[in-house]
Amino acid sequence: VALRILITAGPTREYLDPVRYLSNDSSGRMGFALAGQAVRRGHRVTLVHGPVDLEPPAGAALVPVVSAAEMLRACRRVWRRHDVLLMAAAVADYAPARVRGTKLKKSARSLLLHLRPTPDVLAALSAERRAGQVVIGFALEDRDSRRRAAGKLKRKDLDAIVLNAPAAIAAPSSSIQVLTRDGRWTRIGWADKRVLAKAIVGLAERLAALRR
Ligand code: CTP
């Protein structure tokens with residue numbers, strides 16, 4: 001059955017002045033691989049992505065965004081019309097509290113940046129979901145990984161969470177473990193992100209079938 005799959009990918013950028021921002025090393029590869037695989041499987045794909053340097057997968061509807069707030073707005077606009085969310089984006093957790101309209105000037109004194117938390121896109125979309133919608137989150141943990149990923153699944157009320165090794169960031173391959181709501185862990189060994197994407201889209205299909 002063809003599904004409508006909303007996929008987020010890449011980093012977000014949180015600007016502090018017209019030319020400077022906070023961000024992270026995410027390349028967008030995992031999300032783009034998911035989108036490519038989902039299109040190949042015959043699904044309808046919307047890909048909401050932060051600034052990346054990747055060839056977009058043919059056949060996906062692309063929605064470029066910059067900040068976490070923009071990603072939330074873009075996702076909210078279309079979430080209702082989708083069956084599955086694959087939240088692979090590395091959303092920045094903090095943004096400068098004040099965005100300056102002109103370039104911040106250098107001085108000899110130390111500078112304190114006041115940051116505020118960004119909206120949690122995954123938690124918001126999960127809380128707003130309608131019956132039958134499947135929500136899959138991602139986590140990147142460097143210690144106490146399984147326990148922390150399990151905590152996120154619970155807190156954000158996810159159907160599954162994909163736990164990445166820290167070496168996954170900006171890399172072409174990764175090793176992942178997937179936790180589903182029933183408490184079961186599945187390990188998928190070190191592989192190219194395109195191979196991992198196949199497994200994750202397969203999981204989304206199975207979870208969506210259970211929900212019908
Ligand atoms: N996420 C999100 N919005 C945010 C932050 C994260 O939607 N503002 C999503 C990510 O896309 C990912 C999952 O939430 O699917 C990761 O959970 P999170 O608790 O934010 O993990 P980390 O950012 O790794 O946070 P922590 O520093 O607590 O490990």
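As the structure is a computational prediction, the values presented were derived from the model and not from experiment. Each ligand, and each atom within it, is numbered from 1 in the order the structure gives. The figures that follow rest on heavy atoms only: side chains count, while hydrogens, waters and symmetry mates do not.
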R81 backbone acceptor or donor facing R4 side chain under 3.5 Å = yes

For F138, atoms of ligand 1 separated by under 4.0 Å from a heavy atom = 12 (C), 13 (C), 15 (O), 16 (C), 17 (O)

Pick, from D142, V91, V135, L86, the option with the minimum heavy-atom distance to atom 4 (C) of ligand 1.
-> V91

For A89, the atoms of ligand 1 under 4.0 Å from one of its heavy atoms are 10 (C), 11 (O)

Taking heavy atoms and a distance under 4.0 Å, where does K156 meet ligand 1: side chain, backbone, both or neither?
-> side chain

Check: L104 main-chain N/O paired with D17 side-chain donor or acceptor under 3.5 Å | yes

Would you say A139 touches ligand 1, if touching means a heavy atom closer than 4.0 Å?
-> no

Compute the minimum heavy-atom distance from P119 to ligand 1 and say whether it is under 4.0 Å.
-> yes

M87 and ligand 1 - part of the residue with a heavy-atom distance under 4.0 Å | both

N or O pair under 3.5 Å between A90 and ligand 1 = no

Which of these, M71, R155, K152, has its nearest heavy atom closest to atom 26 (P) of ligand 1?
-> K152

Nitrogen or oxygen atoms of L122 and ligand 1 under 3.5 Å apart = yes

Show which atoms of ligand 1 fall inside a sub-4.0 Å distance from at least one heavy-atom site of T118.
-> 8 (N)

Thinking salt bridges, do R129 and D83 make one under a 4.0 Å N-O criterion?
-> no

Do T46 and H82 have side-chain N/O donor and acceptor atoms under 3.5 Å apart?
-> yes

Indicate whether any N or O donor in one side chain lies under 3.5 Å from an N or O acceptor in the other, for E14 and T12.
-> yes

Polar side chain donor-acceptor pair, R146 to Q177, under 3.5 angstrom | yes

Residue, atom and distance of the protein heavy atom nearest atom 3 (N) of ligand 1 read V121 N, 3.1 Å

Under 4.0 Å between heavy atoms, the region of D93 that gets near ligand 1 turns out to be side chain

Rounded to the nearest 0.5 angstrom, the CG-OG distance for D159 and S126 is 7.5 Å

Residue pair W190 / S174, side-chain donor-acceptor N/O under 3.5 Å = no

Side chain R29, main chain A170, donor-acceptor under 3.5 Å | yes

